[in-house]
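Have a look at the structure below, then the notes.
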There are 2 protein chains.
Amino acid sequence: MDDLLALDNQICFSLYAVNRAVTSRYRSLLAELDLTYPQYLVMLVLWERARSDQPTRVSDLGARLRLDSGTLTPLLKRLAQRGLISRVRSLVDERVVTISLTEEGVDLRELAIQVPQKLLCGLDVAPERLLALRNELKAVLKAMEIQGEKVPNG
Amino acid sequence: MDDLLALDNQICFSLYAVNRAVTSRYRSLLAELDLTYPQYLVMLVLWERARSDQPTRVSDLGARLRLDSGTLTPLLKRLAQRGLISRVRSLVDERVVTISLTEEGVDLRELAIQVPQKLLCGLDVAPERLLALRNELKAVLKAMEIQGEKVPNG
DNA sequence: CACATTTACATCGTGCACAATGTAACTAGA
DNA sequence: TCTAGTTACATTGTGCACGATGTAAATGTG
């Protein structure tokens, strides 16, 4: 065997290391917006959905980001405390909490737009290489999620 | 603009999502070994180094896994408590803590060997595709780290 | 040798992730 | 309408990550 257990042979470690390295780059850029990386992802979803005028529920964010309420509830409370979003319990169904952007939250988008650009500039990797990597990742994620649906109790 | 801020266009989100999906697969496999995923990575390094009879210091693990003592110290304490490793302060340099595998830690390798195999079997993605992804990730990581060394205060 | 600096970990605080559990609100069936 | 079941979110506890700081040991300098 050419060592299945060798760290360098484990795709998991490459994923883990690259993810942390990329997140680290984002961290310093996002510090200027006073956002953490997961908070930034939540804001991305909210900015995206703001166009379609559909109210966003906590479960919508969870479905998009693959996060549960255990992660989202405290995160959203912090975003609300910073005045970027509001959390309102629905009147038609009191189980549901509706998330909407405040004016400040909407405005933050202008600053956030610069983040991906700055990140790409600071990244000494060919853009087409990143694009290829992203497409590979998306394909793998899709495969894993379809598979997960096929065997719900596996 | 074709929306730089769209979630699906952000490589960071693909990385984040795939990393968590893969980690999740590992989690259930590693539960049988009573290991978390980062603990498993530490054990991989220790098994690797056990061959060369070099003593492993906390900073060696940190360099390999890109983790600092704030993460490693409590993690290593937990591994020690489970009897897989021993933590001994060096006699020649009392700042250094030397990590070594216990007999139980060495033996666990036999069980751990099955983990990557089981993971690959349970993953409905072509192996050569994973290999390509891994190589892409390694290349990106390398590029980012070389770059990081070039600009230490950037 | 005295003293500043560096090194190697340890500690602390914050914020995720996630499993497990709790709870109130809605829904469906008899 | 009573009740069993489901849904949507909240809470709790554990374990990372990581920045910031602390501390003792080693090293370097005059």
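Quick note on labels: first sequence line is chain A, next is B, and so on, each numbered from 1.
- A straight line from CG of L91(B) to C1' of dA8(C) spans 16 Å, rounded to a whole angstrom.
- Two residues, P74(B) and S24(B), neighbour DNA chain C, and the one matched to the more 5' nucleotide by heavy-atom proximity is P74(B).
- Contacts of residues 14-23 of chain A with DNA chain D (heavy atom under 4.0 Å): Y16(A), R20(A).
- Panel note: side chain R82(B), backbone D34(B); a donor-acceptor pair is recorded below 3.5 Å.
- Contact annotation for S59(B): backbone-only contact, meaning every heavy-atom pair under 4.0 Å involves sugar-phosphate atoms and none involves a base.
- Judged by distance alone, the side chains of S100(B) and S86(B) do bring a donor and an acceptor atom under 3.5 Å apart.
- Here the straight-line distance linking atom CZ of R64(A) with atom OG1 of T56(A) works out to 11.0 Å at 0.5 Å rounding.
- Remark: P of dA19(C) and CG of L67(A) are 11 Å apart, rounded to the nearest angstrom.
- Residue T36(A) holds its OG1 atom at 8.5 Å from CG of L41(A), rounded to the nearest 0.5 Å.
- Side-chain proximity of R78(A) to dA25(C), dC16(C), dA10(C): nearest is dC16(C).
- Atom C1' of nucleotide dC16(D) and atom CG of L61(B) are separated by 15 Å, given to the nearest angstrom.
- Taking atom CG of D68(A) as the reference point, atom C1' of dA19(C) lies 8 Å away to the nearest angstrom.
- Looking at heavy-atom distances under 4.0 Å, L72(A) makes no contact with the nucleic acid at all.
- The T71(A) side chain lies nearest to dC16(C) when the options are dC16(C), dT11(D), dA8(D).
- As rounded to whole Å, 12 Å separates atom P of dC18(D) from atom CZ of R66(B).
- Taking the six-membered ring where tryptophan is involved, the planes of Y37(A) and Y16(B) are perpendicular, since the angle between them exceeds 60° and thus also 30°.
- Within the 4.0 Å cut-off from OP1 or OP2 of dG22(C), not a single side-chain nitrogen or oxygen of R95(A) is found.
- Listed here is the closest heavy atom pair of A21(A) and L141(B): CB-CD1, 4.2 Å.
- Looking at the side chain of K77(A), the nearest of the listed nucleotides dC16(D), dT11(D), dA10(C) is dT11(D).
- When the P atom of dA26(D) is taken as reference, atom CZ of R89(B) falls 10 Å away, rounded to whole Å.
- Taken to the nearest 0.5 Å, the CZ atom of R27(B) stands 9.5 Å off from the CZ atom of R20(B).
- Here dA8(D) presents its C1' atom at 13 Å from CZ of R87(A), a figure rounded to the nearest Å.
- Comparing L75(B) and S90(B), the nucleotide of DNA chain D nearest to each residue sits closer to the 5' end for L75(B).
- Of the possible polar contacts, none joining the R49(B) side chain to the D60(B) backbone as a donor-acceptor pair under 3.5 Å is found.
- Remark: the S69(B) side chain and the dA8(C) base include no donor-acceptor N/O pair separated by less than 3.5 Å.
- For D93(A), whose side chain is taken as the heavy atoms from C-beta onward, the closest listed nucleotide among dA25(C), dC9(C), dC18(D) is dA25(C).
- Qualifying side-chain hydrogen bond (donor to acceptor under 3.5 Å, both in side chains) partners for R95(B), counting only residues two or more places apart in sequence or in other chains: D93(B).
- Comparing dA26(D), dA10(D), dG15(D) by their closest approach to the side chain of R82(B) singles out dG15(D).
- Counting only heavy atoms from C-beta on, T73(B) has its side chain closest to dT11(C) among dA8(C), dT11(C), dG19(D).
- Two residues are said to be in side-chain contact when any heavy atoms from C-beta on lie closer than 4.5 Å; W47(A) and L108(A) meet this criterion.
- DNA chain C lies under 4.0 Å from at least one heavy atom of each of the following residues of residues 27-45 of chain B: R27(B).
- If you measure from atom CG of L76(B) to atom P of dA17(D), you get 13 Å, rounded to the nearest angstrom.
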